[in-house]
Undergrad: 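Structure provided below as structure tokens; questions to follow.
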Amino acid sequence: GIPNLTLSGNIYFSVSKDNIGQYMDLYKSEFIDSEYQDPVLALANVQLSFVSPDEEYIIFEKVVGGIPDLQIVFSNEDGAWGSPIDLGDRINTGCAETMPVVSPDGKYLFFTRWNTSQSCLTDAAELMWVEIENTIETLRTSTSVISEKYTDYEITIFPNPTNHTLYIKHSEFLCENTNYILTNLNG
């Protein structure tokens, strides 16, 4: 994969696990005291990626259902990466979305969309661009994920800003008929 150099001097790069680039991990080598440190795993099982210059987020392609889609992760307060979030239907379609790059001003996402109607990556590709600044900010603020423990089950609620739906995920199947009570804390 293409290396990403951040403002701090850190380098992120992908390493193929299968010698053909289909399965990759993203590594980070920190620049400390004018030397690059041994690389450490940043994200597993991701394809090509874009790391923001301030290391606040990574947009990457991940194979979902046999087709690459674009996802984003945000850096936590401790510097660890959070859970991947799908960029939604505005960006991800039934085609393969790959090779994400964000403009230097952070306003636009450029990516390649492959028509995979016949077979993956054999049809013509289109270079796509979309305003992403507001989407990133919405995802960043709305994914301060609401988590509460109820009888030892983790319930996570997060919105999808592209279609105004709410996804609810929990760590175990609670029961066949689970009721959720949702309260809008913003009024």
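All values below come from the heavy atoms of this structure, side chains included, with hydrogens, waters and symmetry mates left out. Given the structure is predicted, the values throughout are model-derived calculations rather than measurements.
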Undergrad: As a quick check of understanding, evaluate side-chain hydrogen bond (donor to acceptor under 3.5 Å, both in side chains) for Thr6 and Glu55, giving each step before the final call.
TA: CA-CA 7 Å; Thr6 65; Glu55 298 177 81; 3.3 Å; yes
Undergrad: For Val73 and Phe60, what are the C-alpha separation, side-chain angles and deciding distance, and is it a side-chain contact (heavy atoms from CB on, under 4.5 Å)?
TA: CA-CA 8 Å; Val73 292; Phe60 59 94; 3.8 Å; yes
Undergrad: So with a 6.0 Å cut-off around CG of Asp38, is the heavy-atom count from everything else above 12?
TA: no
Undergrad: Would you mind checking if Lys107 and Glu133 are paired as a salt bridge, meaning a charged N to carboxylate O distance below 4.0 Å?
TA: no
Undergrad: Take a 6.0 Å sphere around CG of Asp78 and say whether it holds more than 12 heavy atoms from other residues, nucleotides or ligands.
TA: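 Yes - once you tally the heavy atoms of other residues, nucleotides and ligands closer than 6.0 Å, there are more than 12.
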Undergrad: Can you check side-chain contact (heavy atoms from CB on, under 4.5 Å) on Ser49 and Tyr12, steps first, answer last?
TA: CA-CA 9 Å; Ser49 59; Tyr12 288 79; 5.9 Å; no
Undergrad: What distance separates Gln47 CD from Ser16 OG, expressed to the nearest 0.5 Å?
TA: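 Gln47 atom CD to Ser16 atom OG measures 8.5 Å (nearest 0.5 Å).
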Undergrad: Yes or no on side-chain contact (heavy atoms from CB on, under 4.5 Å) for Ile72 and Ile58, after CA distance, side-chain angles and deciding distance?
TA: CA-CA 6 Å; Ile72 189 170; Ile58 300 174; over 6 Å; no
Undergrad: Any side-chain heavy-atom pair from Leu70 and Phe111 closer than 4.5 angstrom?
TA: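 Sidechains of Phe111 and Leu70: in contact.
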Undergrad: Quick one, Asp69 with Leu87, criterion side-chain contact (heavy atoms from CB on, under 4.5 Å). Give me CA distance, side-chain angles, the key distance, then yes/no.
TA: CA-CA 8 Å; Asp69 277 341; Leu87 287 179; over 6 Å; no
Undergrad: Measuring only between side-chain heavy atoms, which start at C-beta, is Ile132 closer than 4.5 Å to Thr135?
TA: yes
Undergrad: Is a donor on one side and an acceptor on the other found under 3.5 Å between the side chain of Glu61 and the backbone of Val46?
TA: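 Not a single qualifying donor-acceptor pair exists.
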Undergrad: So, do Tyr57 and Phe50 sit near enough that their side-chain heavy atoms are less than 4.5 Å apart?
TA: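 Yes, at least one pair of side-chain atoms sits under 4.5 Å.
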Undergrad: Are any non-hydrogen side-chain atoms of Trp81 and Leu43 less than 4.5 angstrom apart?
TA: yes
Undergrad: Taking Asp86 for the side chain and Gly88 for the main chain, is one N or O donor matched with an acceptor at less than 3.5 Å?
TA: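 Between the backbone of Gly88 and the side chain of Asp86 there is a qualifying donor-acceptor contact (under 3.5 Å).
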